[in-house]
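Accompanying notes for the structure given below.
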Number of protein chains: 2
Amino acid sequence: MQEIAKLAGVSLGTVSHVLNNTATVREPRRTRVLQAIQALGYQPSQLARGLRRDHTNMIGMIIPDVTNPFFPAVVRGAEDVAFSSGYRLILCNTDNDHSKELIHLNELRTYLPAGLIVIPSNFSDLTTQAESYRQAGTGVVCIDRLPKNWSGDSVTADNKAGAYNATRHLIRLGHTRIATITGPLHLTNAKERLEGFRRAMKEAKLPLAPEYIQETRFDKQGGYSKTQVLLRLIPPPTAIFAGNDMIALGVLLAVRESGLRCPEDVSIIGFDDLDLGETTNPSLSSVSQSGYQLGTTAARLLLDRKEGDASPAKHIVLETVLKLRDSVAPPLSRETSGTRARRRNKE
Amino acid sequence: MQEIAKLAGVSLGTVSHVLNNTATVREPRRTRVLQAIQALGYQPSQLARGLRRDHTNMIGMIIPDVTNPFFPAVVRGAEDVAFSSGYRLILCNTDNDHSKELIHLNELRTYLPAGLIVIPSNFSDLTTQAESYRQAGTGVVCIDRLPKNWSGDSVTADNKAGAYNATRHLIRLGHTRIATITGPLHLTNAKERLEGFRRAMKEAKLPLAPEYIQETRFDKQGGYSKTQVLLRLIPPPTAIFAGNDMIALGVLLAVRESGLRCPEDVSIIGFDDLDLGETTNPSLSSVSQSGYQLGTTAARLLLDRKEGDASPAKHIVLETVLKLRDSVAPPLSRETSGTRARRRNKE
DNA sequence: TTGTAAGCGTTATCAC
DNA sequence: GTGATAACGCTTACAA
């Protein structure tokens, strides 16, 4: 910057002024400065600038794990709107470990980020942390799932409605013995999906045995083992609503392995609509939510706050769409399924 | 920091000294400072520190697209070793657009990052950029694929050997009409895989018609359309080596759609060994490379440089493993495949 | 309109 | 061993 000032024959302050349009610099000098900037390929130090301005152009993003197929899309969504507004993403994985989350939260603050987007880890309670950010004027928005007592901005999918619609679809096809394998119920998204499921079952006045609700982690292995449990029940379910697509994948594997067919013997619906659901056989029906949109919405919300939107906490809920593929079908006739139940009984 | 000094009754400099172990502070004061730090929950400003030290604890990571299933693993690998050494990742997507890459490269420098990990975009030539980083003492390592004229540190998979082994396996099974669908051949990884393929074919003295080599983008759609081309050839291939798993997925779809069976009519081997290859039907054989390891190795290399390793540019090449699943089988007998060829001919 | 200078939170170089 | 103090590169009153 010194060099530019020298090269353009102006003062340091003037350079800054043309850089930030913070004062009208008269024409001869102005172009000289601009040229000097070009000539030297100057880029302002984000560090110095951040230190002085008391905030940087970074947006902290805390997620459980990029490697989990649903999250990259939301990272990408956030990055896209952040980038186009001149912000950069600094990415932190927590592994669902809320002490690691805390470390990131604390350190991230020292970068004076423009904002924070958080997909909370298990059991996280970040009210105090968020408060300290808010006092520094830094927006924090939680997405996908909410920590306990969260009162700040949030963006989530309409989990309840999504689950409700999926379950209703199964019911309309004639299924009466419908089970669900949920994610960890301390996560709000898993809980809400279960609620939607329950409501649909209740409205249809269908019986819902406690064993028909299995809780596990949001992964393939969980879906696999819990499906084994479900299929051993008498009578076994003819349809399974999975808490997410990874679980649904496990369900599919377990069903196939037990000699049953999907969708003839067991219908499956997942949640998230991951790409890999299209290529399974049969392809997976799923409640589709846009991770990308989750990310863009969160980033947009953050930037709006930055630009002065001081309205009370927003809770944006994104629509879901039931994506029907080949993993659902009407149940076999009562007689047939009775036979199947008996057969399994003898094993 | 001021507050700490006051609370501990010492000078600012002393606080800095205990913080950085840059001078031995005697015991009574030392603990007082530490306690004050605890009491105030102090965290040093990474911004100020970076400005002063002339480098931050950030590592810039530039990749084409997190949303591409192979990259999250490498991001995660890099993040893990970076994090455990106190570094943070700042993530940039280029969309394979090398002008966007340039923007990131230029801006990232103003954060004074501790290092840079780059998966180059199409056609990128970052020798000049890298040079400017190197002059600032900042390490740059390229991974997965290399830009033209790259002479700096790199970490890649052994693409040639991987492709060679996959092709050899097909040959050993008895296939003689083996085609390949490559990624964009200006990318080094795509080119190397083709070379490995070629070498295996040549060694086995198998004929290789030019039409049996199809180039496309590294995605499902590319694999799909090029497979349609291949299957219309007379005679059609009985095995296809795909440049990566996304292409292989497209191959599988096209094969299935054309009424042929995999692996009976067409064997398929992909590259990368993505998770989604396990759940397709049939499950996908693939040349397995560890994206995670790619990431950790790159980060480690960077940190080694940081700690004074000034040896000449390293080119680390990671082993691949051929993962056999259900998408490969010996070809049908000559007669049968002749029949098939004739049948397709009539269409 | 333009220049001067203070200060952002650190680290590092010195005297003491 | 400890404490002033300059400097890192920038922004922003304020003075000219």
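Labels below follow one simple rule: chain letters A, B, ... track the order of the sequence lines, proteins then strands, and each chain is numbered from 1. Because the structure is predicted, anything quoted here is derived from the model rather than measured.
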- Item | Atom pair distance, as rounded to whole Å: CG in Leu112(B) and P in dT10(C) | 17 Å

- Minimum side-chain heavy-atom gap Val75(A)-Ile63(A) below 4.5 Å: yes

- Message: Please check this pair: side chain of Thr56(B) against backbone of Gly50(B), looking for a donor-acceptor N/O pair closer than 3.5 Å.
- Response: no

- Message: Exactly one of Leu303(B), Asn57(B), Ile59(B) should register a side-chain contact (heavy atoms from CB on, under 4.5 Å) with Ser85(B). Which one does?
- Response: Leu303(B)

- Which of Lys314(B), His315(B), Arg305(B) passes side-chain hydrogen bond (donor to acceptor under 3.5 Å, both in side chains) with Asp153(B)? Answer is Arg305(B)

- Is the shortest side-chain N/O distance from Ser16(A) to OP1 or OP2 of dT11(D) below 4.0 Å? yes

- Nearest to the side chain of Val10(B) - dT11(C), dG3(D), dT12(D)? dG3(D)

- Message: Whole angstroms only, please: what is the NE2-P distance between His55(B) and dG9(D)?
- Response: 15 Å

- Message: Expressed as a whole number of angstroms, how long is the span from Met1(A):CE to dC10(D):P?
- Response: 6 Å

- For dG3(C), take OP1 and OP2 only and decide whether either is under 4.0 Å from a side-chain N or O of Arg29(A). yes

- Would one find a side-chain N or O of Thr14(A) under 4.0 angstrom from OP1 or OP2 of dG3(C)? yes

- Item | For DNA chain C, the residues among residues 38-54 of chain A that have a non-hydrogen atom under 4.0 Å from it | Leu51(A), Arg52(A)

- When the distance from CG of Asn21(A) to P of dT1(C) is rounded to whole Å, what number comes out? 13 Å

- Message: Consider side-chain contact (heavy atoms from CB on, under 4.5 Å). Of Val118(B), Val66(B), Val74(B), Leu108(B), which one does Met61(B) pass it with?
- Response: Val74(B)

- Interatomic distance where NE2 belongs to His17(A) and P belongs to dC10(D) [whole Å]: 15 Å

- Query: Any side-chain N or O of Ser11(A) under 4.0 Å from OP1/OP2 of dT2(C)?
  - Reply: no

- Which nucleotide in the set dT2(C), dT10(C), dT11(D) lies at the smallest distance from any side-chain heavy atom of Val25(A)? dT2(C)

Less than 3.5 Å apart, which donor and acceptor atoms pair up between the side chains of residues 38-48 of chain B and the rest of the protein, not counting sequence neighbours?
unit_1	atom_1	unit_2	atom_2	d
Ser45(B)	OG	Leu47(B)	N	3.3
Ser45(B)	OG	Ala48(B)	N	3.1

- Euclidean distance, atom CG of residue Asn20(B) to atom P of dG9(C) [Å, nearest integer]: 17 Å

- May I ask you to decide whether Arg300(A) forms a salt bridge with Asp304(A), counting only side-chain N to carboxylate O separations under 4.0 Å? no

- Query: Rounded to the Å, how far apart are Leu12(A) CG and dA15(D) P?
  - Reply: 20 Å

